[in-house]
Amino acid sequence: MAHTLSVLVENRPGALMRITSLFVRRGFNIESLAVGPTERHDVSRVTLRVNCEQHTLEQIQKQMHKLVNVLRVIELEPGEAVERELLLVKVAAPPDRRAELMALGEVFRARVVDLGPDALVFEVVGPPEELASFEELVRPHGIKELARTGRVGLARASRETPRRAQRLEVLR
Amino acid sequence: MKMLGSDAILRSLEAEGVEVCFGIPGGAILPLYDAIARGTTVRHVLARHEQGAGHMAEGYARASGRVGVAFATSGPGATNLVTPIANAWMDSTPLVCVTGQVRRPLIGTDAFQECDITGITIPIVKHSWLVQDVEELPHVMKAAFHIARTGRCGPVLVDVPRDVQEAPIDFEYPDAVDLPGWRPPRRGHARQIKEAASRLAAAERPILYVGGGTVNGDACGELRELAELGRLPVVTTLMGKGAFPETHELFAGWPGMHGPKWSNYALNKADVIVACGARFDDRVTGKLSAFAPGASVVHLDIDAAEIGKLRNADVPVVGPLKQVLHDLAAELRKLSEVGELRPPEAWLLQIADWRDQFPLRYRRGDVLKPQTVVETLRSLTAGRDDVIWTTGVGQHQMWAMQYLHCDRPRSFITSGGLGTMGFGIPAAVGAKAARPDATVVCIDGDGCFQMTGQELATSVLEGLPIVVVVINNAYLGMVQQWQELFYGERYSHVHLTHAVPDYAQLAEAYGAAGFTVSTEDELEGVLQEALALGRTAVVDARVDPAEQCYPMIPGGAAALDMIENPEEETVEAGS
């Protein structure tokens with residue numbers, strides 16, 4: 001089963017490498033990884049998507065907690081978190097197909113951010129699942145290049161601390 | 001106080017109360033060694049190889065319970081420390097390694113003797129620092145010692161570029177650390193401890209399964225109190241050897257691959273296992289799915305990540321073992337006072353029965369047997385409380401585990417998790433530095449000896465005399481045993497021979513005393529002489545190359561399916 005982990009780390013050299021090294025060494029698999037700043041200049045947020053059993057997930061969380069630079073590990077549970085990702089896709093668009101593609105884009109609130117003689121670049125922001133649907137719909141038109149940021153997420157505004165994080169506190 | 005970065009490192013060690021450190025100088029760490037020459041209260045022991053320095057620091061840490069410190073230069077000096085760092089990581093030994101690094105402007109240019117040692121060691125350290133600013137140095141040193149010895153003990157690395165060592169600093173050692181991400185558990189959960197006590201009280205076949213975490217957690221007194229209160233049998237792992245007195249009536253031996261069959265029976269047929277700072281290592285469990293099938297597990301550990309890692313814990317307790325075992329005994333006492341604790345006498349009788357049924361055994365003959373050498377060492381040191389044993393890795397290590405009786409914690413120092421051949425001699429030098437009053441004996445193998453034997457020079461010149469007893473069977477014995485049993489007796493590159501080297505002559509060349517013994521008749525006299533000598537001594541005990549280490553759980557087999565010595569007419573070992 002797929003899980004999203006949101007990890008707060010001290011913004012120090014090597015912090016990301018310690019996390020990724022841990023995944024490699026213990027045989028855990030990362031599906032997506034996004035790193036960026038937070039509201040605190042000295043803290044970064046790493047959002048990880050992993051596909052594993054519950055037992056492995058607990059191991060991942062506990063092993064990450066042991067890293068000195070890791071401040072907090074939270075699982076973002078579906079329904080209790082907002083998750084977004086950004087997709088840039090360059091699609092083949094000869095003049096006679098442009099209108100069709102742009103109509104398709106509107107359904108997904110995709111913006112055309114660049115336009116060339118026979119291609120255009122869409123930007124889509126949304127839940128990763130929506131991005132995947134969009135990708136499938138434009139695929140028949142011919143995807144020339146594609147880049148995704150990896151998902152980022154936050155617990156919903158109505159929640160202080162997701163339940164899973166509290167449960168793990170018992171073990172700490 | 002104004003000083004250089006290199007001085008700041010030494011002043012930090014002094015502030016941490018470090019008495020001895022181990023290392024070898026080299027280009028990138030010249031400033032630190034110059035600072036040593038200018039004066040420090042820290043005694044520096046010059047090793048002959050950085051691996052030796054690292055294992056000495058481990059031996060020091062394991063014998064004393066304090067943090068071991070090792071120095072090395074950049075590049076090859078640092079990479080030579082990788083094995084001891086990995087060893088300390090696997091065996092949870094507190095270690096601070098300080099390495100020199102090339103000057104900051106040269107980092108990343110493939111400069112002479114440059115290597116990314118912080119990168120290389122990431123998977124095997126608790127934490128590491130590449131110090132880019134001399135102002136950080138005191139804080140990094142403070143944090144390094146704090147992290148190495150708190151929570152689950154382990155190694156840390158401080159990499160200091162040469163120009164940082166040479167930079168001026170107004171030194172002040174911080175009183176406290178600022179580590180928001182480092183919060184080791186402080187107390188085990190009271191409700192969980194209560195639950196553990198009631199499981200123990202209700203158990204018919206309880207057992208305490210004790211690992212190195214009990215020694216690291218300084219909880220051996222609490223362990224004994226708990227065991228005696230509940231009349232609970234105790235098995236100790238290789239790393240836990242000595243955590244519980246091995247001559248105690250409740251001691252039930254060592255479980256695992258070469259543990260006695262009766263000990264494996266006791267652990268595997270228990271109905272409640274209380275794991276105390278032990279981690280269900282594959283050498284102990286054998287085939288995990290067949291391990292102790294009828295047992296519920298109470299798992300006590302300082303490291304939350306060990307809970308449920310391999311075996312599900314029915315009652316997990318995360319906390320310092322000293323407090324957890326103390327509170328568990330207190331809860332058990334409460335149950336005892338209201339008559340809810342029945343000592344498991346029938347179970348103890350059953351274990352005693354297995355013990356009679358499956359003793360350790362080997363056949364004595366014309367040729368000197370390795371087990372006889374270890375047994376003789378045991379009888380020559382019986383009743384003494386000043387002996388520390390170290391070992392290498394292999395058959396001799398397993399015989400040392402089987403035939404020595406250690407009644408005190410920190411008296412058996414071995415490489416468990418990593419299985420580092422060559423650990424024994426440098427670890428013995430380190431142990432002697434920690435405990436100059438102790439008689440330190442390294443039981444080594446002939447394969448191990450040649451991996452780190454050069455540290456005899458350190459032992460002789462530094463006045464840290466140790467006694468090395470080489471169980472010399474002319475083979476990489478454990479590998480040969482596997483080739484015999486599981487690879488159709490196709491012996492591939494395991495024969496080291498009895499021809500070279502002559503260990504006694506080699507010892508003499510190092511300025512140590514050398515002895516060779518190959519018969520049972522001479523054995524006791526020679527060992528006695530070596531032990532009484534008061535200087536570095538090597539005893540080359542030439543033993544039967546055909547002798548194999550039994551009993552044994554074959555790789556991947558269930559612990560209960562262990563094989564015994566196939567010799568039909570085995571005679572019981574004298575004890």
Side-chain angles (χ1 to χ4, degrees), chain A residues 5-28 30 35 38-46 50 52-75 161 164-172, chain B residues 86 89 92 107 116-133 136 140 143-144 146-148 150-152 154 156-157 159 177-192 299 301-313 316-319:
Chain A
L5 292 173
S6 182
V7 186
L8 293 174
V9 299
E10 288 183 285
N11 191 2
R12 293 280 172 87
L16 182 63
M17 186 169 166
R18 288 176 206 279
I19 292 174
T20 50
S21 161
L22 182 100
F23 274 74
V24 173
R25 188 171 81 75
R26 301 233 178 232
F28 308 142
I30 304 177
V35 192
T38 62
E39 71 281 6
R40 284 176 54 183
H41 70 93
D42 56 343
V43 174
S44 302
R45 186 184 296 276
V46 180
V50 292
C52 61
E53 301 291 315
Q54 191 62 35
H55 171 261
T56 309
L57 182 74
E58 281 194 23
Q59 261 298 302
I60 291 173
Q61 288 174 294
K62 289 192 231 170
Q63 294 290 355
M64 272 201 289
H65 267 300
K66 282 164 66 178
L67 297 177
V68 172
N69 293 141
V70 169
L71 302 171
R72 198 159 172 202
V73 184
I74 303 157
E75 186 189 356
T161 309
R164 291 267 318 131
Q166 284 170 355
R167 206 171 81 69
L168 272 167
E169 288 298 317
V170 177
L171 284 176
R172 285 177 58 77
Chain B
W89 170 257
S92 306
I107 290 177
D116 175 13
I117 193 62
T118 48
I120 287 173
T121 53
I122 273 185
I124 49 169
V125 292
K126 290 177 79 176
H127 199 59
S128 55
W129 297 261
L130 169 58
V131 183
Q132 295 275 13
D133 179 354
E136 292 175 10
V140 167
H146 180 73
I147 291 171
T150 53
R152 181 176 179 174
V156 298
L157 177 99
D159 197 24
V177 289
D178 176 28
L179 296 165
W182 180 248
R183 298 178 305 270
R186 294 222 192 101
R187 287 196 76 75
H189 206 282
R191 199 182 61 223
Q192 297 287 82
H299 198 163
D301 209 291
I302 187 87
D303 181 359
E306 285 305 335
I307 309 282
K309 184 180 81 177
L310 290 163
R311 170 76 181 232
N312 182 52
V317 185
V318 179

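Throughout, protein chains are lettered first and strands after them, A, B, ... in sequence-line order, and every chain is numbered starting at 1.
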Which bit of A:Val68 is near chain B, if near means a heavy-atom gap under 4.5 Å: side chain, backbone, both or neither?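 Both the backbone and the side chain of A:Val68 come within 4.5 Å of chain B.
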Relative to chain B, which segment of A:Leu8 carries a heavy atom at a distance below 4.5 Å: side chain, backbone, both, or neither?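 Nothing of A:Leu8, per the 4.5 Å heavy-atom cut-off to chain B.
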Taking B:Ile307's backbone N and O only, do any of them form a donor-acceptor pair with A:Lys62's side chain (distance below 3.5 Å, no angle check)?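 Looks like yes, one N/O pair under 3.5 Å.
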B:Leu179 CG to A:Glu10 CD distance, which is reported to the nearest 0.5 Å: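 Here the interatomic distance stands at 7.5 Å.
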Separation between CZ of A:Arg25 and CD1 of B:Ile124, rounded to the nearest 0.5 Å: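 Answer for the CZ-CD1 pair, A:Arg25 versus B:Ile124, is 9.0 Å.
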What option among B:Lys309, B:Glu306, B:Gln132 has the most heavy-atom pairs under 4.5 Å with chain A?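 Most pairs with chain A among the choices: B:Lys309.
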Specify which of B:Ser128, B:Gly308, B:Gly188, B:Gly119 makes the most heavy-atom pairs with chain A at under 4.5 Å.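 Looking at each of B:Ser128, B:Gly308, B:Gly188, B:Gly119 in turn, B:Ser128 comes out on top.
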For B:Asn312, is it the side chain, the backbone, both, or neither that has a heavy atom closer than 4.5 Å to a heavy atom of chain A?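 Interface part for B:Asn312: neither.
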Of all heavy-atom pairs between B:Arg183 and A:Leu71, which one has the smallest distance, and what is that distance?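 Looking at all heavy atoms of both residues, the shortest contact is NH2-O, 3.4 Å.
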Best-contacting candidate, A:Gln59, A:His55, A:Arg26, A:Gln63, against chain B by heavy atom pairs under 4.5 angstrom: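 The answer is A:Gln59.
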